[in-house]
Novice: 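Pasting in a structure now, in structure tokens, and then I'll have a few things to ask.
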Amino acid sequence: QIQMTKIQKFEKRFKDLDIQILNLFRVGHTIPSAFGGSLTGFGLRVFRATRGFTMVEVVIMLGIIVIVSAIVLVSFPSVSANINLQRSVQQLALRFRQAQNQALAVRQVQGQFGPVVPPAVGIYVSTADPTHYVVFADMNSNKMYEGNDIIIETVGLEPGVRIIELVDEAAQSQSAVSVVFTVPEAQATVYNASGSIGESILVKLKTDAGGLTRGVRARTSGQIAIE
């Protein structure tokens with residue numbers, strides 16, 4: 001009987017110990033600290049102590065987002081226009097170079113009765129059509145674009161970009177110009193409707209939004225440059 005009483009006391013002590021251990025981790029339970037004071041037990045109390053956003057902070061954050069969005073929207077048209085201008089001048093310079101390479105390579109073009117090797121390949125630019133230019137095969141070797149020449153490609157500029165001026169080496173404005181590369185030497189010439197206008201032509205492009213301008217200069221030496 002004495003042994004049973006001791007066993008029951010041990011069981012009760014173990015249960016009490018289990019309860020004490022569980023209480024240590026209960027929400028809000030305070031654990032004595034060896035360094036003085038007390039430590040808060042583990043549980044939801046720590047999570048609840050974390051402070052969230054106040055209404056004032058949320059309103060301020062939304063205001064900042066609105067202001068930044070407005071700035072981006074206001075500047076977007078000019079940024080987009082600049083990108084389109086860059087693309088247009090690069091494409092025009094590339095078309096000049098491709099026409100030059102086609103003359104050097106003596107490539108055929110599709111004529112009315114089948115593939116033919118043109119005497120020359122050129123680029124026709126006119127302020128009368130400020131949003132397009134023509135890649136053509138100069139079939140009669142007169143170094144300018146005419147109605148009986150073969151149109152290889154009609155290229156459109158990027159949206160919001162147009163040709164505003166054609167400037168020759170004497171700083172005179174031209175209404176229409178043909179830059180032609182003869183086959184097979186790719187010797188370049190710059191002609192208007194009356195004949196040669198010198199050794200270079202500057203094709204100026206401008207954006208409708210922002211008034212940004214860039215240009216592509218083609219020289220009879222074969223150099224193509226973006227300015």
Side-chain angles (χ1 to χ4, degrees), residues 84-208 213-227:
N84 288 342
L85 179 62
Q86 296 293 337
R87 288 178 178 174
S88 294
V89 295
Q90 289 173 1
Q91 288 175 359
L92 178 56
L94 179 62
R95 290 305 191 284
F96 275 121
R97 188 64 68 192
Q98 286 176 340
Q100 186 180 44
N101 292 338
Q102 186 168 351
L104 283 170
V106 195
R107 295 176 186 167
Q108 294 180 331
V109 297
Q110 186 62 40
Q112 184 177 0
F113 304 104
V116 295
V117 176
V121 180
I123 305 289
Y124 173 74
V125 186
S126 173
T127 54
D129 186 3
T131 58
H132 297 83
Y133 53 91
V134 176
V135 182
F136 70 98
D138 183 19
M139 301 307 295
N140 57 8
S141 301
N142 65 350
K143 297 181 175 56
M144 62 182 68
Y145 174 70
E146 293 179 336
N148 59 345
D149 290 324
I150 297 174
I151 296 177
I152 300 174
E153 183 183 13
T154 299
V155 183
L157 299 177
E158 294 291 324
V161 181
R162 54 192 173 87
I163 300 166
I164 59 167
E165 193 176 13
L166 305 173
V167 183
D168 61 22
E169 65 177 358
Q172 300 295 318
S173 295
Q174 302 290 329
S175 59
V177 170
S178 297
V179 179
V180 175
F181 302 93
T182 58
V183 175
E185 300 88 358
Q187 178 62 49
T189 57
V190 181
Y191 274 50
N192 62 10
S194 301
S196 176
I197 58 172
E199 297 183 354
S200 71
I201 187 69
L202 175 64
V203 182
K204 287 187 176 181
L205 308 181
K206 184 178 181 179
T207 60
D208 295 331
T213 59
R214 294 293 300 272
V216 178
R217 185 179 296 276
R219 300 181 183 274
T220 56
S221 62
Q223 181 184 14
I224 309 297
I226 296 175
E227 298 182 358

Novice: Are K143 and D138 close enough for a salt bridge, meaning some N to O gap below 4.0 Å?
Specialist: no
Novice: Without swapping roles, check the side chain of D129 against the backbone of S126 for a donor-acceptor pair under 3.5 Å.
Specialist: no
Novice: Does a salt bridge link E199 with R219, judged by any charged N lying under 4.0 Å from a carboxylate O?
Specialist: no
Novice: Side chain to side chain contact (heavy atoms under 4.5 Å, CB included) for E146 and N140? Distances and angles first, verdict last.
Specialist: CA-CA 9 Å; E146 293 179 336; N140 57 8; 2.9 Å; yes
Novice: For the residue pair I123 and Y145, establish whether any side-chain heavy-atom pair is separated by less than 4.5 Å.
Specialist: no
Novice: Can you give me the closest heavy-atom contact between V109 and A137, atom names plus distance?
Specialist: CG2-CB, 4.1 Å
Novice: When rounded to the nearest 0.5 angstrom, what distance separates NE2 in H132 from CD in E153?
Specialist: 11.0 Å
Novice: Tell me whether Q174 contacts the main-chain N or O of N192 through its side chain, where contact means a donor paired with an acceptor under 3.5 Å.
Specialist: no
Novice: Sequence neighbours excluded, which residues qualify as ring-ring contact (aromatic ring centres under 6.0 Å, His included) partners of F96?
Specialist: none
Novice: Hey, is the main chain of S175 close enough, under 3.5 Å, to the side chain of T127 for a donor-acceptor pair?
Specialist: yes
Novice: Is any side-chain heavy atom of I152 closer than 4.5 Å to one of Q102?
Specialist: yes
Novice: Just wondering, do I201 and V167 contact through their side chains at under 4.5 Å, heavy atoms?
Specialist: no
Novice: If only side-chain N and O atoms count, and only distance matters, is there a donor-acceptor pair under 3.5 Å linking E169 with S200?
Specialist: no
Novice: Are any non-hydrogen side-chain atoms of Q86 and R214 less than 4.5 angstrom apart?
Specialist: yes
Novice: State the CD-CG distance between Q187 and L104, to the nearest 0.5 angstrom.
Specialist: 10.5 Å
Novice: Apply side chain to side chain contact (heavy atoms under 4.5 Å, CB included) to the pair L92 and V203, showing each step before the final yes or no.
Specialist: CA-CA 9 Å; L92 178 56; V203 182; 3.8 Å; yes
Novice: Run E158 and Q91 through side-chain hydrogen bond (donor to acceptor under 3.5 Å, both in side chains) and show every step you take.
Specialist: CA-CA 10 Å; E158 294 291 324; Q91 288 175 359; 3.3 Å; yes
Novice: Taking all heavy atoms of T182 and all of A120, pick out the closest pair and write down the distance.
Specialist: CA-CB, 3.8 Å
Novice: Atom OG1 of T131 and atom CD1 of I163: how far apart are they, to the nearest 0.5 Å?
Specialist: 7.5 Å
Novice: If you compare all heavy atoms of M139 against all heavy atoms of D149, which two are closest, and at what distance to 0.1 Å?
Specialist: N-OD1, 3.0 Å
Novice: Answer whether the closest heavy-atom distance between the side chains of T213 and L205 falls below 4.5 Å.
Specialist: no
Novice: Any non-hydrogen side-chain atom of V177 less than 4.5 Å from a side-chain atom of V190?
Specialist: yes
Novice: Are any of the side-chain heavy atoms of R95 and V155 separated by less than 4.5 Å?
Specialist: yes
Novice: Are more than 12 heavy atoms, taken from residues, nucleotides or ligands other than E185, located less than 6.0 Å from that residue's CD atom?
Specialist: yes
Novice: If we ignore angles and hydrogens, is there a donor and acceptor under 3.5 Å between the side chains of R87 and Q90?
Specialist: no
Novice: Would you name the heavy atoms of P159 and N84 that are closest together and state the gap between them?
Specialist: O-ND2, 3.1 Å
Novice: To check you understand the geometry: which heavy-atom pair defines the closest contact between R162 and L157, and what is its length?
Specialist: CA-CD1, 3.8 Å
Novice: In the structure I gave you, are the side-chain heavy atoms of F181 and V179 within less than 4.5 Å of one another anywhere?
Specialist: yes
Novice: Which heavy atom of V106 sits nearest a heavy atom of P184, and at what distance?
Specialist: CG2-CB, 3.7 Å
